[in-house]
Structure formats: C-alpha cells, structure tokens
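Excluded from the calculations below are hydrogen atoms, water molecules and symmetry mates; all remaining heavy atoms, backbone and side chain alike, are included. Here is how names work: the chains are called A, B, and so on, in the same order as the sequence lines, proteins then strands, and each is numbered from 1.
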Amino acid sequence: MTGLILLAVYIAIFAVSMVIVAWATKQFFTRADFTSLKTVTFGDESAVNANRVASVISVLAIFALWVAFTNSSLPLFKAKGPFEGMVEFTYTATLPDGRSDDASVSILVYPEDIQLTVDANGVAGKIPEKLKVDLGDGFAKNDTLVIPRYGSKLISVFQNDEFKKSDGAIVTHLNGQALEPGEQILLSEGRLALTEKGTPFFEPSTGFRMARLYLPAPEVTTNRFLQLNREGYRNFTLLEHTWASLQRVLLGFIFGALVGIPLGYAMGLTNWARGWFDPIVEFMRPVPPLALIPLMIIWFGIGETSKVILLFLAALWIMAIAARSGVSGVAIAKVHAAYSLGAKKSQILRKVIIPNSLPEIFTGARVAMGVCWGTVVAAELVAAEKGLGMMIMVAAKFQLTDIVIVGIILIGVIGFAIDIGIRKLEGWLVPWKGKV
Amino acid sequence: MSGLLIDNISMRFDLPNGGSVQALKNVTLDIKSGELLSVLGPSGCGKTTLLNIVAGFLAPTEGQVVVNAHAVKGPGPERGMVFQQGALFEWMTVRENVSFGPDMKKMPRNKSVKIVDRLLEVVGLQDFKDKAVYELSGGMQQRVALARCLANEPDVILMDEPLGALDALTREKMQSLVLDLWKETGKTIILITHSVEEALLLGERLLVMAPRPGRIHKEYRLPFAEMGVGADLRAVKKHPDYAKTREEILAMIWEMEEEIMGRTEESA
Ligand SMILES: Nc1ncnc2c1ncn2[C@@H]1O[C@H](COP(=O)(O)OP(=O)(O)OP(=O)(O)O)[C@@H](O)[C@H]1O
Ligand SMILES: [Mg+2]
C-alpha cells in the first residue's frame, strides 16, 4: 500500500518536474548550440544528453521521499505518520445474569524506537511506565497499558475485574457500540476490534511512514554514520572497514590484470595460447564469482587470501577477454604499416598492439572493478572480520537498519567513485577513444 | 639498381566452403627504378591482392616478387606502404608517427628530428607537428601517412587507394603533391586507384587489370604525369589525348563490369 503510494508520488514528481523544467528552459534560456538546432532528436542518440537539472531533481526527490515516508524530524513535507500518544475507550462487560458494567482502557502509544533515541545528554529513552489510573467503581475496573507505534496488543480487560472470563463475563460493547466477536471499529487513533474469542484488541494506526526498523530517517542514518566514524563498529572504524574492502578489491584487481592482460594478449597473438586457454576462459567466464566463494573458503580458509584469490579470479577472465578483443580490434592496416616501416614483433607489440588495445582494456577494467566491488561485499557477507559487507551483515543480524543503509550508501558511492576514476584515467591515457 | 620484378604471380584463395577464388593469374610485370605506375581495374580484380603480395603481407601461390635482386619473403622497410585510411597511430603525435620508421631503426634522435622536420615541411604540416592525428582532417592525415612512409626512405612506395577517402578538391591537391614527391625523390611508386582520372594523371605507366581471374588486361605509357609535375593539373586534363584515353579506358572498364554483372546474374 505504502509502496504503491510512494511509486505514484515518484512518477508524479518525475512528470511534473519534467514539464516545469522544460517550460522554464524554453522561457529563460535559448541555446543555439549544434544539438539544439537539430530537428530530429528522437532516435538520434548523439542528441541525447543527460539533463543535469533532472539529475539534481532526481536525487532531491529521493531524499524528499525518504524524509516524507520515514519518521524524520526534518521540517519537510511529511506523509501521515503513525499514531502516537494517549487514546482512551470504554468497554462494557456483561455477565451471564445480564448485569453489565462499563470501564475505561487508557493506552499510551510510544515511539517504537524510543530506546534507540538518545537525548541531548546522550541518554537513551526508556519505554514509558503504565499510567496510574483510578480503578473506578462497579465490577469492571479501568485498565491501562502501553503499546509501541506500529505494534498491537490483545487487551486482557478482565484481569483486574471482579468477574473473570471463567465466570462467564464477556465484552459486548466497545466505546458504547455493540460488537460481536470478529467485528471492529475504526478510530482515528487506530483499529479497535474484538477477536473471534471476544478479547478486545487495539492496533494504533500506522500511517504511511515506515518504521525505523524498515527505513531509518535520513538524520538517523547520518548520525549513525558520524557515530561509526567516531566509534567504529565491531572493533574497527568505518574507514578501516572501507579500506579493508577496498584493499581486497585493489589487490584482487591488480593481480587479475597483471595475469589477465598478458593472457589475453597471448590469446590474441598465438594459435597455441588461444587454443589452450579458450576452453578455460570460456568455461570460467559464465561462472559467477559468488559461486566460487564456498570453494575458496574450503581451499584457502576465511582469511584474506581466499578473498583476494576470489577477486583475482573475478578480474582475471574479464581482463583476459578485454585484452584479447583489444588485440583483435587492431586494424590490420596499422599492423601492416608498422611492419612495412621496419618494426619487429616486439616493437609491434609495444608500439601498436598495446596502445591500440587500451580502450578495450579500460572498458574491461571498469567492468572488472564493478564485479570485484560487488563480489567483495558478497564475500564479506559470508565471512570476514572487517569490511563493509561484514558490517552490513552483522548489523542486519541485530536489526540495525541504519548501519545497513550507511554501508549500502558507502558501497554505492565508492563504486561510483572508482568508475569515475577509471574513466578519468581513460580520458587521460586514451584521448583518441571514440574520435577515430 | 632498385627495380621491382613481379614474376609470373598467381594467387588462389581457398574458401572455407571448399571452393576457391583465383584472385590473380600469371601476372608478370617489370617495373624500373623510379617508375610511377598506376593500376586500375574493376572492383575485385585483385589489385589489393597484388599490392599485398608485393608488400610481402601475402605469399603468392605461384611465382615470386624480386626487389633489389632479393626475392620478397615478407614486409620490409625498402617497400613503404600508404593505406587508404586508418593506418596512422592515434596514440602518437604527428611527429611521432612520421619518425616511427627511424625510431624502429633506433636512429639517433637528433638525426631523426631533422628528417621529420624536413618531411613535414614538404607535406606542409610543419605547424601541426605536435598535434594528435585525430585532430587533423582526412587530407592532412594522408599527408602524414605519406611523410611517415618517406621518412623510412623506402625504394618502392606502394599505395592502395591513398586518396580514395578524400573530397575532390583535397584529392587534387594531394595528386600534385604525389607527383612532386615522385619527381623530387625519384622513388618507384605503385599506386592503386579507382579513379580513371587519377590513374591517368599519376601514371607514367598505367595498368588496366581484368577480373576472374585477375590479370593484366592492357598497358599504357602516358605523358601526363611528366607534364603534371609542378604544373596545374587542370591544364593537363585539357590535353586532347587525355580525354581520348580516359574515354577509352572508361569504356573498357564498363565493359568488364557489365560482363561481371552478366556472369553473376547467370550464376544466380
Ligand atoms: N582473404 C581472402 N580470402 C578469400 N578471397 C579473397 C581474400 N582476399 C581477396 N579475395 C578475393 O580475391 C579477389 C580480389 O580481391 P582484391 O581485394 O585484391 O580486389 P581489388 O581489386 O582490390 O578490389 P577493390 O577494388 O574492391 O578493392 C576478390 O574476388 C576477393 O573476393
Ligand atoms: Mg582493393
């Protein structure tokens, strides 16, 4: 339900902001560059550029939705929240002999994450005590209880009454309204019902926001991030966890490239190597690195070695295939020209084949880095002492969703940064890419 | 003596389906040192194959090529190649491209710089030395390719449609350049082209090849190349013999093309 509303709001933001920005752009900017003068743009891929305004709005929209649909304290638009506070209703107990009596039930609904929230002095909140209420007169006595938000409770109203269920007492009315077992009343504070067995039941309304357990608010996540930075998690600071993952990726990738690239060149340059390694590479290529984790653990244990070897294998085939296709992508005219200019084999390799294959190698490197980064997290999920994957896994076991989200965001940001880094390096080392 | 002898060459390609293509059959050609030879013929008549054999990229099924009294066994620096396009090294600057040959020979830098500078001046690219090749226009790139070939001081220059990808105007300028370089350096040049006009202008000797199997169909000795050196090529084209020869060759090639079409239609 909440999910569908979220999706609808998201699509609406997409469409409305598109219309507004398009209108505003037309109104206030008239660009006369080459692309804007193209009349055919739909279907002309080169005329499609990422609209950076859209990117900014997209990120802001996600943030706004995050605030709106969680119990965030940020002063932005909020979806209807869960009920919190006092609610009171009456019940009528009726005895088999026809006598009946009314009593009240007072319920305090408290934030479910109260124990996780600290005040300015760093003191965590406590689950509030039941309110003291007057028992009242008559044989039915007033009740009081506390329920967390998003929770619900069967209310044993008879436990303090003079007549119990065993005496044949039953609840016939709630809030003065006659109710059969199985029926319910919807209050603005929540749902009041009689179960099939006739026990009153209260479920505070949940609204459209997600509980902290499912999605912590942005400021909760940010605070957790800062706290992890200061205090660390499981004996290691956040930086150490991140560096542990990154180090494994870099080691695995570097070894993979160091072996894979020459392997690919050999496959691209000699019949024997091509024939020898073809079955191995083609066999290993479709095996997802994740499937190798158990074997790596059996062979090399759960330490660093098994992880680095796993990442090495993940990068190896990708880099070998990239180098091989880099060699086969050399225009034969270039090789012929080089031979005609007196180049020897080693010179052809160094001056023609290696530079010519760089674009392919960079493409392979970006793919390999992406795969390695994904694999390291998965490998750490299985077993590790430190690393972002381990942090996420352990936090999830303790239902610390904010740490899980901090981890996920970090993984995304670092993966993105790595990719941008390789792209920058590529632009610097292969300036001719796409220009010939 | 740096002549070139193509001695009774035949080339048959065996196809994977078991058939074979006779790309060249009994081609014999004696090219004198310093000769400018243009080769013309319908598409698929084996021009590129012939050039690749002379360059040493392909070994003929029969016959041999002799350069400077040595049989050709593979590519060598005494036979330079200029390709239609895409043979420059994008990862090198103009200067690095041109000095590729000298560098391969490990020529001392101060010597190779002189050669490169002079050649870039000859082809009019002295101001583009440190540019990347992908920043140059198609015509400029072909001038780099020419300079690169010359920097290696080959005896024979082989060109496979070197001007084929250029626009008409640039092409005409490049034709003058080729003529001037030929005269100035005295190199033996074999130039393949699809353009009858170009073959007439850039061939002291013009070879018309016929397809299936590829062979020499007719040979001309022409005065236009000599006339065109240092002169306006458009004036040369006004020569009465020029138009006459052009029409004759065009008719010849048309006839061959028609025959090919007819044959493929029959076999279809
Ligand atoms: N590697 C090869 N394998 C099989 N057949 C080939 C091969 N190379 C060339 N041929 C065939 O040999 C014949 C001559 O080819 P070639 O490329 O020499 O012709 P061309 O005269 O250069 O044509 P164009 O003017 O179109 O460049 C053609 O019929 C071609 O199909
Ligand atoms: Mg050809």
> Under the ring pair (Phe, Tyr, Trp, His ring centres under 6.0 Å) test, which residues partner B/Phe100, sequence neighbours left out?
Replying inline: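 Counting only residues at least two positions away or on another chain, B/Phe100 forms a ring pair (Phe, Tyr, Trp, His ring centres under 6.0 Å) with B/Phe89.
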
> In terms of heavy-atom proximity below 4.5 Å to chain A, should B/Leu88 be classed as side chain, backbone, both, or neither?
Replying inline: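 When you check distances to chain A, only backbone atoms of B/Leu88 fall under 4.5 Å.
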
> Nearest heavy-atom pair of B/Trp91 and A/Lys351: which atoms, and what distance?
Replying inline: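 Scanning both residues, the minimum pair turns out to be NE1-O, 2.7 Å.
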
> Around A/Phe255, counting heavy atoms of other residues, nucleotides and ligands shown, do more than 12 lie under 6.0 Å from its CZ?
Replying inline: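 Check fails, neighbour count at 12 or below.
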
> Do other residues, nucleotides or ligands put more than 12 heavy atoms under 6.0 Å from B/Lys129 NZ?
Replying inline: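 Yes, enclosed.
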
> Between A/Val352, A/Val430, A/Leu429, A/Ile332, which has the largest tally of heavy atom pairs under 4.5 Å with chain B?
Replying inline: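 Highest number of pairs under 4.5 Å: A/Val352.
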
>> Taking side chain to side chain donor-acceptor pair (under 3.5 Å) as the cut-off, I'd like each qualifying pair that reaches into residues 264-278 of chain A, sequence neighbours left out, listed once.
In response: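 Output for this query lists A/Tyr265-A/Ser357, A/Asp278-A/Arg324.
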
>> Is A/Ala343 in contact with chain B via its backbone, its side chain, both, or neither, using a 4.5 Å heavy-atom distance?
In response: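 For A/Ala343, heavy atoms of backbone and side chain both lie under 4.5 Å from chain B.
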
Result block: side-chain N/O donor-acceptor pairs under 3.5 angstrom for residues 104-117 of chain B, not counting sequence neighbours:
| residue | atom | partner | partner atom | Å |
| --- | --- | --- | --- | --- |
| B/Arg109 | NH2 | B/Asp103 | OD1 | 3.3 |
| B/Ser112 | OG | B/Arg109 | O | 3.1 |

> Of all the residues in residues 334-341 of chain A, which have a heavy atom that comes within less than 4.5 Å of a heavy atom in chain B?
Replying inline: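 Hits under 4.5 Å: A/Lys334, A/His336, A/Ala337, A/Ala338, A/Tyr339, A/Ser340, A/Leu341.
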
> When rounded to the nearest 0.5 angstrom, what is the spacing between CE in B/Met92 and CH2 in A/Trp432?
Replying inline: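 Atom-to-atom, B/Met92:CE and A/Trp432:CH2 are 9.5 Å apart.
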
